[in-house]
Amino acid sequence: MDTSENEITKEVFDTFFHESYCPLEYQQIKNDFEEAASAGSDLFTDDCDITQLTRKNFILYMTSEAYCTFEGIIEEAFESLNPEIVDAVMDLSMTTPNADEITAQYWSTCEELLHRFLLRLYDENLSKQITAWLED
């Protein structure tokens, strides 16, 4: 997507995104997520009561460092699959005042992937870790 030729609108970007997007699947980042999750209880804030962690609230109790680690894994994997989309987002961010509005599809996709993959990590990994901590 050449962002210098014409004014890029949200509709133009959305079309480009849908035509170019290579989906990111959990299996592609599973090992990285599980490695990051090996930090154990350090994933969660100090004021977190481990006995109260559930699938619905565990993300709220993650440290910002842990959350950013998972977010970085998603961004890196997304970029390796979709470099042209990431390049267009970066180009628009540098040249267009309302770039976030135009590229909203990119940001919402990354957020949705992060949330969905964290839930899957909880189901397959963290819930077992939490149960083990409670049994100790």
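Owing to the predicted nature of the structure, the values given are computational and were not obtained by experimental measurement.
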- Note on the structure: d(M62 CE, F70 CZ) to nearest 0.5 Å is 4.0 Å
- Just checking, any donor-acceptor pair under 3.5 angstrom between side chains of T15 and E19? no
- Task: Please say whether more than 12 non-hydrogen atoms of neighbouring residues, nucleotides or ligands are located less than 6.0 Å from CG in D46.
- Result: no
- Note on the structure: All heavy atoms of T9 vs all of I102, minimum pair found to be O-CG2, 3.7 Å
- Can you name the closest pair of heavy atoms from C110 and I74 and give their distance? O-CG2, 4.2 Å
- Task: For the pair E124 and K30, evaluate salt bridge (charged side-chain N to carboxylate O under 4.0 Å, His left out) and give the outcome as yes or no after the intermediate values.
- Result: CA-CA 10 Å; E124 295 181 7; K30 180 180 180 186; 3.7 Å; yes
- Closest non-hydrogen contact found for L126 with A37 is CD2-CB, 3.9 Å
- Query: Does CD belonging to E35 count more than 12 external heavy atoms closer than 6.0 Å?
  - Reply: no
- Using the six-membered ring wherever Trp is involved, compare the ring planes of F13 and F17 and label them parallel, tilted or perpendicular (cut-offs 30° and 60°). tilted
- Item | Smallest separation among heavy atoms of Y26 and L121, with atom names | OH-CA, 3.5 Å
- Query: Where the side chain of T103 meets the backbone of V89, is there a donor-acceptor pair that is under 3.5 Å apart?
  - Reply: no
- Query: Is the gap between the ring centers of Y106 and Y21 under 6.0 Å?
  - Reply: no
- Query: Just by modelled atom types, is the T54 backbone N or O under 3.5 Å from a matching donor or acceptor in the N57 side chain?
  - Reply: yes
- Task: Can you measure from CG (D91) to CD (E84) and round to the nearest 0.5 angstrom?
- Result: 12.0 Å
- Task: Say whether, by atom type as modelled, one donor and one acceptor occur between the side chain of T96 and the main chain of N98 under 3.5 angstrom.
- Result: no
- Query: If you measure from CZ on F117 to CD on Q28, what distance do you get to the nearest 0.5 Å?
  - Reply: 7.5 Å
- Query: Which is it for Q105 and T109 under the side-chain hydrogen bond (donor to acceptor under 3.5 Å, both in side chains) test, yes or no, and what are the steps along the way?
  - Reply: CA-CA 6 Å; Q105 180 67 41; T109 299; 3.3 Å; yes
- Message: With clusters defined by side-chain heavy atoms of hydrophobic residues (ILVMFWY) lying less than 4.5 Å apart, directly or transitively, does M94 cluster with I8?
- Response: no
- If you measure from CZ on F58 to CG on L53, what distance do you get to the nearest 0.5 Å? 9.0 Å
- Message: Give me the atom names and distance for the closest heavy-atom approach of A66 to T63.
- Response: N-OG1, 3.0 Å
- Measure the shortest side-chain to side-chain distance between E111 and R116 over non-hydrogen atoms and say whether it is less than 4.5 angstrom. no
- Task: Assess whether atom CD of E79 is packed by more than 12 heavy atoms of other residues, nucleotides or ligands within 6.0 Å.
- Result: no
- Message: Nearest 0.5 angstrom please: L114 CG to Y67 OH, how far?
- Response: 4.0 Å
- Message: Nearest 0.5 angstrom please: L43 CG to E65 CD, how far?
- Response: 9.5 Å
- Item | Contact summary for A104 and K10, nearest pair of heavy atoms | CB-NZ, 4.3 Å
- Message: Side chains of N125 and Q129: any donor to acceptor distance under 3.5 Å?
- Response: yes
- Message: For E76, is the CD atom crowded, meaning more than 12 foreign heavy atoms sit under 6.0 Å from it?
- Response: no
